[in-house]
Participant: 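The structure is given below, and queries will be raised subsequently.
Basis for what follows: all heavy atoms, side chains included, without hydrogens, waters or symmetry-related copies. Read the numbers this way: they start at 1 and go in the same order the structure lists the ligands and their atoms. Since the structure is predicted, the reported quantities are computational estimates derived from the model, not experimental observations.
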Amino acid sequence: MQTVNVETNPQYDVLIQKGILKDCGRYIAKVHDVCTAVVITDSCVDPLYGETVINSLVESGFTTLKYVLPNGERSKNLSCYGEILSFMAENRVTRSDLVVALGGGVIGDMAGFAAATYQRGISMVQLPTTLLAQVDSSVGGKTAVDLPQGKNLVGAFWQPELVLCDTECIATLPEKVKADGMAEAIKYGMIADESMLDLLCNNELSDVIDEVVARCITIKAKFVVNDEYDNGLRQMLNFGHTAGHAIERDSNFSITHGYAVAMGMAIMTRSAVKNGLTLQETYDRLEAALLKHGLPTKCDAAAETLAKEASGDKKRRGDSITVVLPKKVGTCVLKKVAVNELVNIFGEGM
Ligand SMILES: NC(=O)c1ccc[n+]([C@@H]2O[C@H](COP(=O)([O-])OP(=O)(O)OC[C@H]3O[C@@H](n4cnc5c(N)ncnc54)[C@H](O)[C@@H]3O)[C@@H](O)[C@H]2O)c1
Ligand SMILES: [Zn+2]
């Protein structure tokens, strides 16, 4: 088993092991007194892993409740969030009980936000089942739901008590969903871990998955601990995301997050090469990793369109926005630029 400790306040562990869901009750009982555990999951994950999780919780003495949402981003809204809260209230869930998020990033974000706000906050454990949730969204404490006006516009910072990554779950993921998570793993390689790209390019994912998840989480934890509320260095995690979010929005979300981030990383790296900030080799290695995992490097949208979309980005501060540019594989820099410069930066990378 691989363990990563996340030293936020309060601190928590991420345990990574194939098949760990079968034993989740035992691990959860070590960090939380036996109580009512509210398992929140989705219609796709429930038939695959719901029973395993409930059985393990019951074996360890927990009383269980289960709430199943329709799968996908369409559920990440205020109405489903309200339904989760009502379900907990109807079942007299108390402040000493526990939310267990079983699923991908959508479930993690929504169950996390429900836990953060129900009775002003109750404990939560994350059982991430997608690659994206394991390498990224289950750690860091960001929880949210979408509004019709935009993604993740309502939320809270709320840290889990424990995260259990069962890397066997990756085997049942559709290829496109797996690729979405892979884009984030490649991002961690680009910002902080040069050898990750080789690990991802030279091996079958199933052979190195535990190590990949552990390394991604270690990097994320380091940035999060130094900047829990996302005002400084944590912005490094945003590599490829300013352009990526613009691509997602411009496509009306028909292009998924990981694919858009892959294009965004490629755009920013080509732009950095053109400006002499990094060598062509940096781009070549990024491109090889993206292509190997079926991810795109080019996008159809115009630089002007993307710059316009990005000017509405949540990360904008006044007239400026911080972009992340690669210096070499494993090292990126933050650069504060005027919003009206974005069109040139993107344009040079198209
Ligand atoms: N909180 C954060 O820091 C953070 C970071 C990145 C992304 N996010 C959020 O995460 C969400 C995207 O997460 P996601 O890509 O995991 O999406 P998701 O939760 O919608 O999962 C993708 C699909 O895979 C299915 N699925 C999940 N696990 C499976 C498994 N093991 N086998 C088969 N199918 C499975 C789901 O039912 C869903 O249909 C977005 O809403 C995004 O905003 C949050
Ligand atoms: Zn992302």
Participant: Closest non-hydrogen protein atom to atom 26 (N) of ligand 1, residue and atom name please, with distance?
Facilitator: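 Its nearest protein heavy-atom neighbour is Val45 CG2, 3.8 Å.
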
Participant: So, Glu184 and the Zn ion (ligand 2): N/O/S under 2.8 Å, yes or no?
Facilitator: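 Yes, Glu184 qualifies, because one of its backbone or side-chain N, O or S atoms lies under 2.8 Å.
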
Participant: Is a side-chain N or O of Ser56 found less than 3.5 angstrom from the main chain of Lys22, in a donor-acceptor match?
Facilitator: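 Present.
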
Participant: Show which atoms of ligand 1 fall inside a sub-4.0 Å distance from at least one heavy-atom site of Leu48.
Facilitator: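 Those atoms are 32 (N), 33 (C).
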
Participant: Give the atom numbers and elements of ligand 1 that come within less than 4.0 Å of a heavy atom of Lys151.
Facilitator: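 Ligand 1 atoms under the 4.0 Å threshold to Lys151: 40 (C), 41 (O), 42 (C), 43 (O).
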
Participant: Hey, which atoms in ligand 1 end up nearer than 4.0 Å to a heavy atom of Asp42?
Facilitator: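 What qualifies from ligand 1 is 36 (C), 37 (O).
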
Participant: Please state which option from Thr129, Leu132, Thr172 has its nearest heavy atom closest to atom 32 (N) of ligand 1.
Facilitator: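 Going through Thr129, Leu132, Thr172 one by one, Thr172 has the nearest heavy atom to atom 32 (N) of ligand 1.
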
Participant: For Lys151 and Asp146, what are the C-alpha separation, side-chain angles and deciding distance, and is it a salt bridge (Lys or Arg N to Asp or Glu O under 4.0 Å)?
Facilitator: CA-CA 4 Å; Lys151 264 180 63 119; Asp146 302 336; 5.2 Å; no

Participant: Check each heavy atom of Asp180 against ligand 1 and say whether those closer than 4.0 Å belong to the side chain, the backbone, both or neither.
Facilitator: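 The answer is neither.
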
Participant: Any luck finding a side-chain donor-acceptor pair between Asp210 and Gln17 under 3.5 Å?
Facilitator: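 Not at all, the side chains of Asp210 and Gln17 share no donor-acceptor pair under 3.5 Å.
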
Participant: So between Thr130, Asp46, Val224, Leu69, whose heavy atom ends up nearest atom 16 (O) of ligand 1?
Facilitator: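 Shortest heavy-atom distance from atom 16 (O) of ligand 1: Thr130.
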
Participant: Return the closest protein heavy atom for atom 39 (O) of ligand 1 as residue, atom name and distance.
Facilitator: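 The protein heavy atom lying closest is Asn71 ND2, 2.8 Å.
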
Participant: Look at the side chain of His257 and the backbone N and O of His245, then say whether any donor-acceptor pair between them is shorter than 3.5 Å.
Facilitator: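 The answer is no, because no donor-acceptor pair under 3.5 Å joins these two groups.
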
Participant: Distance to 0.1 Å, residue and atom name: give those for the protein heavy atom nearest to atom 20 (O) of ligand 1.
Facilitator: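 Residue, atom and distance for the closest contact: Val106 CG2, 3.3 Å.
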
Participant: What is the closest protein heavy atom to atom 35 (C) of ligand 1, and at what distance does it sit?
Facilitator: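 Its nearest protein heavy-atom neighbour is Leu173 CD2, 3.6 Å.
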
Participant: Has Glu211 got a side-chain atom pairing as donor or acceptor with Val208's backbone, closer than 3.5 angstrom?
Facilitator: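 A pair under 3.5 Å: no.
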
Participant: More than 12 foreign heavy atoms under 6.0 Å from CG of Asp300: is that the case here?
Facilitator: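 Incorrect, the count does not exceed 12.
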
Participant: Okay, side chain of Asp23, backbone of Arg26: is any donor-acceptor separation there less than 3.5 Å?
Facilitator: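 Between the backbone of Arg26 and the side chain of Asp23 there is no qualifying donor-acceptor contact (under 3.5 Å).
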
Participant: Go through ligand 1 atom by atom and flag the ones less than 4.0 Å from a non-hydrogen atom of Lys220.
Facilitator: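 Near Lys220, the atoms of ligand 1 are 3 (O).
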
Participant: Report the atom name of the nearest N/O/S atom of His257 relative to the Zn ion (ligand 2).
Facilitator: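 Going through the N, O and S atoms of His257 one by one, NE2 ends up nearest to the Zn ion (ligand 2).
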
Participant: Of the protein's non-hydrogen atoms, which lies at the shortest distance from atom 14 (P) of ligand 1, and what is that distance?
Facilitator: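 Answer, as residue, atom name and distance: Gly105 N, 3.5 Å.
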
Participant: Which of the atoms in ligand 1, numbered in the order shown and given with their element, are less than 4.0 Å from a heavy-atom of Asn152?
Facilitator: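 Listed by number with element: 43 (O).
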
Participant: Give the numbers and elements of all ligand 1 atoms closer than 4.0 Å to a heavy atom of Lys142.
Facilitator: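 Once the distances to Lys142 are compared, the set is 1 (N), 3 (O).
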
Participant: Output the list of atoms in ligand 1 that are nearer than 4.0 Å to some heavy atom of Glu73, sorted by atom number.
Facilitator: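 Per the distance check, 40 (C), 41 (O).
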
Participant: Would the distance check show the side chain of Asp46 and the main-chain N or O of Thr41 forming a donor-acceptor pair, the cut-off being under 3.5 Å?
Facilitator: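 Between the backbone of Thr41 and the side chain of Asp46 there is no qualifying donor-acceptor contact (under 3.5 Å).
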
Participant: Under 4.0 Å from any heavy atom of Lys76, which atoms of ligand 1 are there?
Facilitator: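 Atoms satisfying the 4.0 Å criterion: 9 (C), 40 (C), 41 (O), 42 (C), 43 (O).
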
Participant: Closest non-hydrogen protein atom to atom 9 (C) of ligand 1, residue and atom name please, with distance?
Facilitator: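 Its nearest protein heavy-atom neighbour is Asp109 OD2, 3.4 Å.
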
Participant: Flag the pair Ser137 / Leu132 as yes when at least one side-chain heavy-atom distance between them is below 4.5 Å, and no otherwise.
Facilitator: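 Yes, their side chains come closer than 4.5 Å.
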
Participant: Is Asn91 reaching over with its side chain to a backbone N or O of Val93, donor-acceptor style, under 3.5 angstrom?
Facilitator: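 Flag not set: sc Asn91 to bb Val93 has no pair under 3.5 Å.
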
Participant: Please work out whether the ring planes of Tyr81 and Phe113 are parallel, tilted or perpendicular, with thresholds of 30° and 60°.
Facilitator: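 Judged by the thresholds at 30° and 60°, the geometry between Tyr81 and Phe113 is parallel.
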
Participant: Report yes or no: does Arg120 contribute a side-chain atom to a donor-acceptor pair with the main-chain N or O of Thr117 at less than 3.5 Å?
Facilitator: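 Checking the backbone N and O of Thr117 against the side chain of Arg120, no donor-acceptor pair under 3.5 Å is found.
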
Participant: Tell me, which protein residue and heavy-atom name are nearest atom 25 (C) of ligand 1, and how many Å apart are they?
Facilitator: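 Going atom by atom, the protein heavy atom closest to atom 25 (C) of ligand 1 ends up being Cys44 SG, 4.2 Å.
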
Participant: State whether the side chain of Asp193 and the backbone N or O of Met190 hold a donor-acceptor pair below 3.5 Å, judged by distance alone.
Facilitator: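 Looks like no, no N/O pair under 3.5 Å.
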
Participant: For atom 24 (O) of ligand 1, what is the nearest protein heavy atom, given as residue, atom name and distance?
Facilitator: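 Its nearest protein heavy-atom neighbour is Val177 CG1, 3.9 Å.
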
